[in-house]
Participant: 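Encoded as structure tokens, here's the structure I'll be asking about.
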Amino acid sequence: MSLQDDANWEAVATAQGMPNMTGSTYRTALIWNSGFNIWLVISEEACTAKAFRGAVKYLVGSGTIVDGIFLDSGGSTQMKCTENTFSGDGRSVVQMIAIITP
């Protein structure tokens, strides 16, 4: 996501082969901060990569964000936890990432 490089993040994402950057779709990312915290972040509304990245920078980490990675997006964007269950296209995707809290 190149969260510290606003001028070049799109070029980096393009060079890395990120699909559908300008399309409006559900988005998923892993974000980490300087305190060794990690967030799995999803959008519950379809958006562009630029809008999603902007929301992450504004809403996550209280100014301590180091960086993040875009994960698969579209219909496979899903999250299941105690507080929320969301599925981009309603199908069940086999678990890809598990975050266990102490």
Participant: Write down the atom of Pro19, the atom of Arg27, and the distance for their closest heavy-atom approach.
Facilitator: O-NH1, 4.2 Å

Participant: So, do Leu71 and Leu40 sit near enough that their side-chain heavy atoms are less than 4.5 Å apart?
Facilitator: yes

Participant: Using side-chain heavy atoms (C-beta onward) and a distance below 4.5 Å, is Thr28 in contact with Val41?
Facilitator: no

Participant: List the atom of Ala51, the atom of Thr48, and the distance in Å for their closest heavy-atom pair.
Facilitator: N-OG1, 3.1 Å

Participant: So Phe70 and Phe52, do their side chains get closer than 4.5 Å, heavy atoms only?
Facilitator: yes

Participant: Determine the minimum heavy-atom distance between Ala13 and Met21, stating which atoms define it.
Facilitator: CB-SD, 3.7 Å

Participant: Determine whether Met18 and Val12 make a side-chain contact, defined as any pair of heavy atoms from C-beta on separated by less than 4.5 Å.
Facilitator: no

Participant: Please list, chain by chain and in numerical order, all residues satisfying salt bridge (Lys or Arg N to Asp or Glu O under 4.0 Å) with Asp6, sequence neighbours excluded.
Facilitator: Arg53, Lys57

Participant: Does the Gln4 side chain pair with the main chain of Val66, one donor and one acceptor, at a distance under 3.5 Å?
Facilitator: yes

Participant: Less than 4.5 Å apart, any side-chain heavy atom of Ile38 and any of Leu30?
Facilitator: yes

Participant: Do Asn33 and Trp39 have side chains that approach each other closer than 4.5 Å (heavy atoms only, starting at C-beta)?
Facilitator: yes

Participant: If you look only at pairs with a residue in residues 7-16, which of them pass as a side-chain hydrogen bond (donor to acceptor under 3.5 Å, both in side chains), with sequence neighbours excluded?
Facilitator: Asp5-Asn8

Participant: With side chains defined as the heavy atoms from C-beta onward, is the minimum distance between Tyr26 and Ile42 less than 4.5 Å?
Facilitator: no

